[in-house]
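A short worksheet on the structure shown next.
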Amino acid sequence: MKYDTDQLEINKVQKSKIENVNFDNLVFGEVFTDHMFECDYENGQWQNPKIKPYGPIQLDPSAKVFHYGQAVFEGMKAYKDQDDRIWLFRPEENFKRINKSSARLAIPEFPEEFFFSGLEALLKLEKDWIKKGFGNSLYIRPFVIATEECVSANPSTKYKFMIICSPAQAYYSGEVRVQFSEKYSRAADGGVGAAKAAGNYAAQFYPTNLAKEAGFQQIIWTDANTHDYLEEAGTMNIFFRIGDTLITAPTSDRILDGVTRKSVIDLAKDLNIKVEIRRVPVSEVIEAARKGELKEIFGSGTATVINPIAGFGYKDEKFELPKMEDSYGKSFKDRLMKIQYNQAEDKHGWRHQVK
Ligand SMILES: Cc1ncc(COP(=O)(O)O)c(C=O)c1O
């Protein structure tokens, strides 16, 4: 079915709340812009997309999202260059991924025309919320929830697709030390690990709290069957540099197909860095650390682009990573950000201008 983007209804706020926001002191994900995008699914079809003032939504307590967690989301960012142009980074990947996540959760796919017309109209309305400068961005959160008023355990007949936006500053999380998981799992074969399903994140909170009590900030999840192979972190894919080779786990039905991950792999190839996409045994990483061959571990994801890992723990042992002068992670971060902020050539065609 073809959806008509002229249907988009825009209802603007009377007065922006931007003046009340301190852009020099933003806590990630706490402040939202003036407007939001909303589109409901009913009678077998997505209806009436609208942009309206940001605010609470009303749902029946029996709405299926509250009972069965039928919900998926995305995370992407808009950037502003020195000439006030607005850019997205590979947004079609996020669009494809939210529909892939939806399909896995039995949620009807969202039409591409509605997604891009809604997103671009919203970003144009919120252009003043996107601040110039390396590291500043507007975090964009598209999501879908099941809204049917009924507690029977089967797929909802009604949904709400929304996009909300939150201004973000460069994110510095301090030194990150991770724990390799020995007991808990994030995802299993045949499960929903590859989907950005809301419940995947809730399920990580308890084991992550335990890891925090043990002095780590995050967990690197291992495969659920054996816990012998390193897979990904809670919101990042993970790369290991052993010698001068970069190694990362293949995507699968347990691992999210990260946009930053695939961009790092392409950049590494451009730079003639050897990349191996294969299973990563915990034993290989520990042995490399003992021999001094493990030079870097870093995470990749939209929130931080590249997040260096300072050390890790496994069973009762702790390992520290060297501080590299010629860090691959730092070089990828710099290159990716220059592309995102329109400061470098974009030979892969990853930038998308919002006009
Ligand atoms: C589980 C998980 N892995 C990896 C990533 C990184 O993906 P991307 O680079 O597309 O942000 C994310 C964040 O979206 C995530 O939630």
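Atoms within each ligand, like the ligands themselves, are counted from 1 in listed order. Along the sequence shown, residues carry numbers from 1.
- E9 and K50 are not joined by a salt bridge, as no carboxylate oxygen comes within less than 4.0 angstrom of a charged side-chain nitrogen.
- By the 4.5 Å heavy-atom criterion applied to side chains, K124 and V354 are counted as neighbours.
- The closest approach between a heavy atom of R97 and any atom of ligand 1 is below 4.0 Å.
- Nearest protein neighbour of atom 11 (O) of ligand 1, counting heavy atoms only, is T302 OG1, 2.6 Å.
- At least one N/O-N/O distance between V259 and ligand 1 falls below 3.5 Å.
- Atom 5 (C) of ligand 1 has T235 O, 3.3 Å as its closest protein atom, hydrogens excluded (heavy atom only).
- A salt bridge links K132 to D84: one of the charged nitrogens lies within less than 4.0 Å of a carboxylate oxygen.
- Look at G234 and you'll find a heavy atom under 4.0 Å from some atom of ligand 1.
- Under 4.0 angstrom from ligand 1, the non-hydrogen atoms of K196 all belong to its side chain.
- Within the structure, ligand 1 has R186 among the residues with a heavy atom less than 4.0 angstrom away.
- When hydrogens are left out, the protein atom nearest atom 2 (C) of ligand 1 is E232 OE1, 3.4 Å; that is the closest non-hydrogen contact.
- The residue among F73, F89, Y201 with a heavy atom at the shortest distance from atom 16 (O) of ligand 1 is Y201.
- Residue T260 touches ligand 1 through backbone and side chain together, judged by heavy-atom distances below 4.0 Å.
- Those atoms of ligand 1 with a heavy atom of L256 less than 4.0 angstrom away are 2 (C), 3 (N), 4 (C), 5 (C), 7 (O), 12 (C), 14 (O), 15 (C).
- For the pair K318 and F216, the cation-pi test (distance below 6.0 Å, angle within 45°) is passed.
- Ion pairing between a basic and an acidic side chain is recognised when a charged N comes within 4.0 Å of a carboxylate O; R177 and E175 show such pairing.
- The protein atom (non-hydrogen) at minimum distance from atom 7 (O) of ligand 1 is G258 CA, 3.4 Å.
- For the pair R279 and Y229, the distance from NZ or CZ to the six-membered ring centre is under 6.0 Å and the angle to the ring normal is within 45 degrees.
- Contact atoms of ligand 1 toward N237: 4 (C), 6 (C) (distance under 4.0 Å to a heavy atom of the residue).
- With ring centers used as reference points, Y201 lies under 6.0 Å from F73.
- Legend: residues meeting side chain to side chain contact (heavy atoms under 4.5 Å, CB included) with R351, ordered by chain and number and at least two apart, are W87, I339, N342, D346.
- In this structure D189 satisfies the salt bridge (charged side-chain N to carboxylate O under 4.0 Å, His left out) test together with R254, sequence neighbours excluded.
- Assignment of S300 to the shell around ligand 1 is supported, since a heavy atom sits closer than 4.0 Å.
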